[in-house]
Amino acid sequence: CAKKAKTAKDDKNGLPLCRMLLAELEAHRDAWPFLTPVNHKAVPGYRKVIKKPMDFSTIKEKLANNQYLNLETFIIDVNLVFDNCEKFNEDDSEIGRAGHNMRRFFDKRWTELLQ
Ligand SMILES: Cn1cc(C(=O)NCCN2CCCC2)ccc1=O
């Protein structure tokens with residue numbers, strides 16, 4: 001039979017952990033560019049350049065619809081938000097800096113929670 005999940009990534013606590021982490025991301029002062037999907041009508045080039053848009057409200061919806069298998073698949077979508085941001089924005093810009101700050105915050109929090 002399947003081996004018993006040993007780490008928080010896989011065990012039954014994975015999804016409440018995702019909801020907690022997402023709440024912290026949404027509450028962060030630098031979350032404002034990432035709270036809702038980028039409006040590609042208002043942001044020239046976005047639809048062409050960013051193949052897989054992702055944002056915190058979409059992640060919240062996917063969590064509510066049980067679309068994440070575990071913490072790992074959740075972390076993949078959160079990292080997609082930050083990777084898209086790095087691709088589209090200069091490091092030395094408001095949104096670029098916000099993305100770096102949010103990634104640093106997220107990396108610190110989930111590694112803390114997993115130890
Ligand atoms: C992640 N990201 C976001 C934007 C953006 O303009 N977001 C809207 C931000 N505003 C806040 C209050 C209303 C809307 C552009 C490029 C990008 O990569």
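Just follow the structure's listing: the first ligand is 1, and inside any ligand the first atom is 1. Please read these numbers as outputs of a predicted model, since none were measured by experiment.
You'll find the side chain of Val78 stays beyond 4.5 Å of the side chain of Met102, heavy atoms only. No side-chain heavy atom of Asp91 sits less than 4.5 Å from a side-chain heavy atom of Arg97. In this structure, Tyr46 and Asn84 have side chains that are in contact, with non-hydrogen atoms separated by less than 4.5 Å.
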Under 3.5 Å, side-chain donor or acceptor atoms of residues 32-44 against the rest of the protein: list the pairs with distances, not counting sequence neighbours.
residue, atom, partner, partner atom, Å
Asn39, OD1, Lys41, N, 3.0
Asn39, OD1, Ala42, N, 3.4

Under 3.5 Å, sequence neighbours excluded: what are the donor-acceptor pairs made by side chains of residues 53-68?
residue, atom, partner, partner atom, Å
Asp55, OD1, Thr58, OG1, 2.4
Asp55, OD2, Ser57, N, 2.8
Asp55, OD2, Ser57, OG, 2.4
Asp55, OD2, Thr58, N, 3.3
Lys60, NZ, Glu26, OE1, 3.4
Lys60, NZ, Glu26, OE2, 3.4
Lys62, NZ, Asp77, OD2, 2.7
Asn65, ND2, Glu61, O, 3.3
Asn65, ND2, Gln67, OE1, 3.4
Tyr68, OH, Asp77, OD2, 2.5

Pairs under 3.5 Å, nitrogen or oxygen of ligand 1 with protein nitrogen or oxygen:
residue, atom, partner, partner atom, Å
ligand 1, 18 (O), Asn89, ND2, 2.8

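Applying the side-chain hydrogen bond (donor to acceptor under 3.5 Å, both in side chains) rule to Gln115 yields no partners; only residues at least two apart in sequence or on another chain are considered.
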